Amino acid sequence: MKVANKESIHYLKFCIVGGLNTAIDFLVFSLLSYLGVYYIIAQCVSYGCGVLNSYFLNRTWTFQQQDKSDNYEFLKFTTLNVFTLIVTSFLLTLLHYKFSIPLPYSKVLVTIVSVGLNYIGTKFWVFKP
């Protein structure tokens with residue numbers, strides 16, 4: 001039971017960090033758009049800010065890694081996020097255009113997949129216990 005409780009706490013922390021990442025992404029994107037930055041550049045910068053926040057908070061708070069961070073770990077984290085972005089972009093297109101699911105509902109379904117992929121990859125590959 002203690003292991004299950006620890007897993008629940010990890011997952012809850014991971015979701016809190018994810019919510020914060022989404023807020024950072026949205027705020028940076030909004031600010032850059034307001035300042036007249038081209039929307040694709042604004043999206044790349046804002047997404048990158050969310051990913052950086054995710055790396056540092058998940059490393060230190062969610063999974064409480066004590067050892068020093070290295071480039072290989074950050075590369076694995078970046079690879080995982082790019083992989084997740086590709087998978088979710090494909091699924092979003094599939095759900096919306098192939099199955100005619102409205103975009104907001106498709107986005108919700110894809111977000112659930114994204115959280116699952118990122119949690120499993122982060123816990124068992126990037127920040128292995």
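Since the model is a prediction, treat every value here as computed from it, not as a measurement.
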Undergrad: When hydrophobic residues are tied together by side-chain contacts of less than 4.5 Å, even through go-betweens, does L35 share a cluster with I41?
TA: no
Undergrad: Working to the nearest 0.5 Å, report the span between OG1 of T60 and CD of Q66.
TA: 9.5 Å
Undergrad: Using a 3.5 Å distance criterion without hydrogens, assess whether the side chain of S30 forms a donor-acceptor pair with backbone atoms of F26.
TA: yes
Undergrad: Looking at NE2 of H10 and CG of N5, how far apart are the two atoms once the value is rounded to the nearest 0.5 Å?
TA: 10.5 Å
Undergrad: Just grab all the side chain to side chain donor-acceptor pair (under 3.5 Å) pairs involving residues 42-52, residues at least two apart or on different chains.
TA: D25-S46
Undergrad: Among Q65, R59, K68, which residue satisfies the side chain to side chain donor-acceptor pair (under 3.5 Å) criterion with E73?
TA: R59
Undergrad: Near D70 CG, under 6.0 Å, is it more than 12 heavy atoms from other residues, nucleotides or ligands?
TA: yes
Undergrad: Okay, side chain of N53, backbone of C49: is any donor-acceptor separation there less than 3.5 Å?
TA: no
Undergrad: Pairs of donor and acceptor atoms involving the side chains of residues 77-87, under 3.5 Å and at least two apart or interchain, shall be tabulated with distances.
TA:
from	atom 1	to	atom 2	distance (Å)
T78	OG1	F74	O	2.9
T79	OG1	L75	O	2.8
N81	ND2	F77	O	2.9
T84	OG1	L80	O	2.9
T84	OG1	N118	OD1	3.3

Undergrad: Please round to the nearest 0.5 Å and tell me the distance separating atom CG of L94 and atom OG1 of T88.
TA: 12.5 Å
Undergrad: Can you establish whether the number of heavy atoms outside K13 located under 6.0 Å from its atom NZ is more than 12?
TA: yes
Undergrad: Using 0.5 Å steps for rounding, measure from the OH atom of Y97 to the CG atom of L92.
TA: 8.0 Å
Undergrad: Hydrophobic clustering (ILVMFWY, side-chain heavy atoms < 4.5 Å, transitive) - are V113 and L95 grouped together?
TA: yes
